[in-house]
Every structure is written in structure tokens, then in C-alpha cells.
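To keep things clear, I will list the structure first and then write my remarks on it.
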Amino acid sequence: MSTDRPVRTSPQPASTVREGEWYLDGLNPQQLEAVETLDGPVLVLAGAGVGKTRVLTTRVAHLLKTGRAWANEILAVTFTNKAAAEMLSRVETLTGARDGSAWMGTFHSIGSKLLRRHAELVGLKPNFTILDTDDQLRLLKQILKDENIDEKRWPARALATQIDSWKNRGFDPTHVPKPESIAFASGKGNSLYGLYQARLKRLNAVDFGDLLLESLRLLRDNPSLLESYQRRFRYILVDEYQDTNHVQYLWLRLLASAHKNICCVGDDDQSIYGWRGADVENILRFEKDFPGAKIIRLECNYRSTGHILAAASQLIAHNRKRLGKTLFTKSGAGEKPIVTGVWDGAEEAGEIATRIESARISGVSLADIAVLVRASFQMREIEERFLEVGLPYRVIGGPRFYERAEIRDAMAYLRCAHQPDDDLAFERIHNVPKRGIGETTLAALRQHARAHGLSLRTASRDLIARNGLKAKASHALLTLLNDLDRWGAEIDQKAPDQFVQMVVDESGLVAMWKAEKTEEAEGRLENLKELVRSLGEFSSLAEFLEHVSLVVDTAGADSGPRVTIMTLHSAKGLEFETVFLPGWEEGLFPHPRSLEETGQKGLEEERRLAYVGITRARRQAFIYHAANRRVHGQWQSSVASRFVSELPRDNVDFRESETREQWMPSAPSYLGVRPREAGAAGASPAPRGANSFTSGTARKPPRGMATGARVFHLKFGPGTVFAEDGGKLTVDFDHAGRKMVMDSFVEPA
DNA sequence: ACCCTCGCATTTTTT
DNA sequence: ATGCGAGGGT
């Protein structure tokens, strides 16, 4: 357990306090107010790009430097590990001190810390396992099977979502509201939730939701404990308050209720996680929840130029439910965002690639450029084009390191070695690599374990001793058990990295992937090596396992500047010189699912997503909408998103690609969809001036670039088509010579 | 026990 | 179009 003794960071004699406050230099008046208003509830409404993190970290530094609080009297919570790490390092820079005694971390890590300290009070052992989504699902599947529930009709995934949503809102199995308790499997939802919780307890495990809900319960049910933490955390800071769910809100309110020194920083306009339990109402309600709260608006934007900011502000002004801010910038008007209507997804990708090329030529680093999409399927087309033209890019948000199968397998071995009763880990590895222990054997083990209240490991030994298994299975199982036991005994004998190296070798995992001899397997082996390497940074396996349960980041090696491709969601908090926003079409953005599920509320969240997208740009934003797009293998025609028509005409430049004008000459697309006529959720009206190519045909129109045609390429200039092969053209350029290019890269000249 | 084929869904993602 | 999961065949 970490030391929590008070450590005075830098006591300041009264006379030098002013001089000691150099770290306040350069803050604007609102930022300064947000830093210096230390007592009582404060809500800092921090719009995009207003220096939010600076305020947060300076506030912590101020508390410490003025001697208002000891480090261990401060509780600072964030949502992501990245944000927590950033806060920690910036506070360290400001205070010049490294002091681990402040509780700075994610809601989940702080929940975990509390639970481990007082595990026995909630019926856990301090070494409980934190299940991830995968384990959770496996457990739920077992329960559904046991209860004879048809998994086709009632998928485990749906139950997981339901349970999550209950946990997010603070309901334990005894408090699920009646109407909802019948929500799943003809009324079994609530009891399945109960069974699941009981299983978790028996496994000495919690899921992510429990880290919050159980730590709330811990505090609620133990008044003296609560009181001690209330007394201890004299100053509470919360980042991204608009993303909190109900349990997090209750938890914060409970801890802050004694001294009320709670400072929440957030932006209602950037609340985009409603679908995973975040409740915008928390931030909208702040003044009611914390009477006498001071609201401070940070409205001076240091990121974007004028037109970009104006476009974003006008767009978000269409939302009804907001606290309202007026962002302004002192930098110039800059470039207007450009909205371009294109013919189809391929042209869109082509336009983006071309624009990036010219931006690169004019000196913008690729690292300063991002393509932000609504849904990840949009990435493929863009990636394909980038590959074709040799544009370096990276995709953010693929499967993360610790979620890869090979890593999860290795991790499961480690968990088994560490905690012999980790049944879920045991289930994962029992037949990986294949060793002839199939479903039949496993079922027998489960049954035996259940009947005698044993873990699978113990049950296996027991059943083998009683000759309850076939000889072949018995033999294979025994080998595994002996391996696990042997490793278990060696955990603390070896350095963590050597230990892991041994386990991946001796378990046969490395051999398994070596045998595959595919490029993919190579990568997996590489990942295993990376795993071993990363173990070098930990002093014990236990420490590593806790880290992995809660931390996800693994920065890939950087090899030169690259364009970033990611979803709008993962772009929150980031900024780029130039931002591309493709796919602003009805039927894609706003996403019909969101509209179906939550109607107006969903629409407003989608609009906030659009707002987040535009405000990522420092100097240039390019928005695209395509008339035709292939979705799930089907061609769909669509009109510009209603968000396009909500952009201010004075601050945005609307254009049409030549191809688009050629094939759909009638209405200007920037009119988009009027909110009223778009009321029917999800329905994409046929394009204005629909032509024979737009209504459900699976074939793309010819683009008039047959052999001999004169064409123009943005980079290579004018040329003559020499040959054409399924969209790939061989062109003799007047100045650049013969090149292979994609047809969408050239315009008919 | 393992492999293969068919059917189905397919927004967003952190911890 | 495509990938993942379940169920049936070997």
C-alpha cells in the first residue's frame, strides 16, 4: 500500500507568496478566477480549446503552493489514464515536486484503490480480479446457458449492456426499477443480474461497473469510513464532468457533501458519451445540486481561427439543451471551412488525399492533419486511397494491445499463475494451444467444481484423482496443472520479464504462433515480445496485472509523421492544424441509430459530435458529403446532412465537385436537409434532381475517361489517357511523363 | 475434438 | 462486403 503520510510540498513564507506565483502568469482573467476560487462548489465551463487542462493543473499547483492543502488532501479524477497521466506530469512540472500522495487518477482506478483497501467490507478479498468486457461476456454466457435461455433471442451482449446500464445508474440487483426488471428474457433480467453478481463474488472478481458502484456502496454503508474520506479529501477536482454517469455523480456528491470544495470542469457542448451512460444532466444541473455554486465560463479560444469557431458555434447553437457559451478568438478570421459535395465515397477519399498532398507541399506536417469519421467503416475507403497514393497514415482505435488474442492468452496464463482460482482465465487457456481438452472435459470440470464449491483448478486435480476423466484428457490436463503450479511457485523468484518469457515459451504459445508461418502470426509473436519487454518496467507481476486491468495505452512506435485517421469520438481533446470531416450525409451523420434510440436527445448528441469535429481544427476544416455511398455492400444515395445546412453561410465556403455537378446538376447541396422535413428518422430522401444512376443502381456511372481522353491531375497537371483498367488509369502527362493514377484523381480536362 | 460452412448483423468506446 | 459465432458434419 502506498504511503499516504502528509508531505508538505513547498511551504511559502507569506512575504514571498506573490513571487512564488509565477505559475499564474499568462492566465486570462477567467482562467485566473477558475484557479483562485478554491472554496465551495465551482463549475468551470470550458469550451473547446480554452486552456482547460492548464486551468485544472494550475489549480492543483495553486492549492499545493499556497499551502492550502497537502497533496494527500486532494482528489482529482479524470476519465482516461491519458488525462490522469497528463495532469500528474503537468502538476509535477508546476510544483517541481514528485509527490505520489495525491489521489489523482481515473474514476475506475480510484474506485479500485478504495475497494482494495477495504475489500472485506464489500465481501471481497483485496486481491480481487478486475474482469474486462471479454471475461464479463464469457461469464454471462455461462449463466444464460445454465438458465436455459436461448442465446439467439437473448444475446449475452445485450444482457451485458443492460447490466452495465443498471450499474451506471446505481441500481444493484435489489434496486432495479420494476418496469426495467422484466426487460430481458421475459422477465428474467433482474434475477440474471443477481446471479451474475453472485458469480462475481464467488470468483472474487468485479467488473468495471462494480469499481464505481461497489465503491459507492462501500462509502454509503460505512458512515465512519465515509466521514474519514470526506475529512481527508478537502479539495476535489473533476475533469470532463459532462461525461460522468449517475453513479459517478452520486459518488462525488457523497465525498464532497461535507466541505463542498468541489471543482468540476467540463463542456456540455462536448458531451458525446450518452450511449455509454454519461448523463449530460449532471452538468446542466450543477447549480441545483450544489447550491451557491460559482459558474465560471472560459470562452477565450486559443485554438481555432475565426471562421472555424463561428461555424462551430452557429452549428451548436441549434441545440436546445445547453448552458450556453460564446467562444471568441483573438486570432484572425483565417480560412473559411470548406464544405464540398462530391459524387461518391471514392471521390471523397480522392479529394482528401489530393488536398493533403497540396497541404504537405505547402509545408503542413502530416502529423498535423487528421481525418475524422463518424463510423469506422468509413475508414477503409480512405485508407485504401492513402495506400494507393503512398500517403503515410495511422489509424487510431483499432484493437488495442491488451485486447489482442495473443496478449489475452498470455495474460490469462499469468493470471492463472498469479491467482489459482481465476476460473475465467483458466477457461481461456485450458485448450490454448490445443492440447485435447475439449468442451466435454470442460463441462465435466465445471459440473464438478460447481457441485463441490471448488475452483476449476482444484476441481481438475480432484477429478483426476478420482479417475473421473478419460485417460487422454486426464493426462493433458495434468500436464497443464503441473505447469501452472510450477509457474505459480516461481512468480516471485524471477524478474517479471523473465518470468513472462518463461511462461510464453513453456506454455507453447510461442511455438503455436511460430508454427503458423503467416504474416499475421509474425505480428503476434512480435506483440508477445513487446509484452515481455513491457514487463521490464514493473517490479512485480501483481503490479503489472493491476496496471493491465485498468490501463489501456500502448503507444506504437512512431516512424515519421503520418496523417491520423480516427473516429470523431476518439478525437475529443485533440487538435490538428487541418481537419477533414467526410461523410456528412443524412443516413450516416447524424447516425440513424442514434435518432432511433433517443430521438431529439440523440440528435443533439450527434450535433455535439459535429461540433467536436469542427473545433479540432486550428486553421483549416474540410467537410464532405457524398451523393452516393456503399454501405454494407449496397449503394445508397443520400443528401447532405442537416448539419451542413445549419452552418452559417457567411463563414463557410460551399462547393460542388465537378463530377457531382455533372451528374446531379439541379439543387445546391448546401441547403442540406431542413430539420423539419428530416423529422422522419433515418429516412434518406432521394436526392434532388435524382437521375438514373442514383436510385439503387449498383453500378457507378462512367466518368468519361476512356483511352485518349484529356485529363487533369492536381499534382501531375494535364495529360492524355493511355490505358484504363477498372478505375486505374495509365496517363501520359504532358510534363510528368507516364504515370499510373486512380481515375478519381484526375478531372476531365 | 476439430473444422468448415452458413446465417446474421453491422455507431460511437473507456475503464 | 465482411467478419464473427453457432451448429453440423467428419
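Judged by centroid separation below 5.5 Å and plane tilt below 30°, A:H591 does not stack onto the base of B:dT12. Stacking between A:H569 and the base of B:dT12 is absent under the criterion of ring centres within 5.5 Å and planes under 30 degrees. With centres under 5.5 Å and a plane angle under 30° as the test, the ring of A:Y273 is not stacked against the base of B:dT12.
OP1 or OP2 of B:dT13 sits under 4.0 Å from a side-chain N or O of A:T567. When the side-chain nitrogen and oxygen atoms of A:S376 are compared with OP1 and OP2 of B:dT12, one or more of them lie within a distance under 4.0 Å. Contact annotation: A:T133 side-chain N/O to B:dT15 OP1/OP2 distance is not under 4.0 Å.
By the salt bridge (charged side-chain N to carboxylate O under 4.0 Å, His left out) test, A:E348 is found to be paired with A:R629, residues two or more places apart in sequence or in another chain being considered. A:D210 pairs by the side chain to side chain donor-acceptor pair (under 3.5 Å) definition with A:K167, A:Q197, not counting sequence neighbours. Take A:T78 and apply the side chain to side chain donor-acceptor pair (under 3.5 Å) test, not counting sequence neighbours, and it matches no residue. Among residues two or more places apart in sequence or in another chain, the side chain to side chain contact (heavy atoms under 4.5 Å, CB included) test is passed with A:V122 by A:L115, A:L124, A:E214, A:R217, A:L218. Annotation: salt bridge (charged side-chain N to carboxylate O under 4.0 Å, His left out) contacts of A:R608 (sequence neighbours excluded): A:E605. With sequence neighbours excluded, the residues that form a side chain to side chain donor-acceptor pair (under 3.5 Å) with A:R415 are A:D135, A:D422. For A:R408, the side chain to side chain donor-acceptor pair (under 3.5 Å) partners are A:D132, A:D134, not counting sequence neighbours.
Comparing atom distances between the A:T80 side chain and each of B:dT12, B:dT15, B:dT10 picks out B:dT15 as nearest. Closest to the side chain of A:H108, out of B:dT11, B:dA1, B:dT15, is B:dT15.
Between the P atom of B:dT12 and the CG atom of A:L609 lies a distance of 11 Å, rounded to the nearest Å. Between A:D243 atom CG and B:dT15 atom C1' the separation is 13 Å, expressed in whole Å. Taking atom CE of A:M566 as the reference point, atom C1' of B:dT11 lies 17 Å away to the nearest angstrom. Between the P atom of B:dT15 and the NZ atom of A:K113 lies a distance of 18 Å, rounded to the nearest Å. When rounded to the nearest whole Å, the span between CZ of A:R629 and P of B:dT10 equals 20 Å. To the nearest angstrom, C1' of B:dT13 lies 14 Å from CG of A:N81. Taking atom CG on A:L469 and atom C1' on B:dA1, their separation rounds to 15 Å, with Å as the unit. Atom CE in A:M379 sits roughly 12 Å away from atom C1' in B:dT13 (whole-Å rounding).
Look at A:D146 and A:R199 and you find a salt bridge, because one of the NZ, NE, NH1 or NH2 atoms lies within 4.0 Å of a carboxylate O, short of that distance. Between A:K52 and A:E240 there is a salt bridge, with a side-chain nitrogen of the basic residue lying less than 4.0 Å from a carboxylate oxygen of the acidic one. Ion pairing of A:K601 with A:E604 is absent here, as no side-chain N (NZ or NE/NH1/NH2) approaches a carboxylate O to less than 4.0 Å. Using a 4.0 Å cut-off between charged nitrogen and carboxylate oxygen, A:R524 and A:D409 do not count as a salt-bridge pair.
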**Report entry** Under 4.0 Å protein heavy-atom contact, by nucleotide of nucleotides 2-10 of chain C - B base, S sugar-phosphate only
**Finding:** S---S----
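Annotation: of the two residues near DNA chain B, A:K472 and A:F79, the 5′-most nearest-nucleotide partner is A:K472.
For B:dT12, the base has no donor-acceptor partner in the side chain of A:R276 [N/O atoms by modelled type, under 3.5 angstrom].
A:R374 comes within 4.0 angstrom of a base, heavy atoms only. As judged by a 4.0 angstrom heavy-atom cut-off over every strand, A:E597 is placed among the base-contacting residues. Counting non-hydrogen atoms under 4.0 angstrom, A:T78 reaches nothing in the nucleic acid.
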Nucleotide N/O to protein N/O under 3.5 Å, stretch nucleotides 2-5 of chain B:
unit_1, atom_1, unit_2, atom_2, d
B:dC2, OP2, A:N431, ND2, 3.2

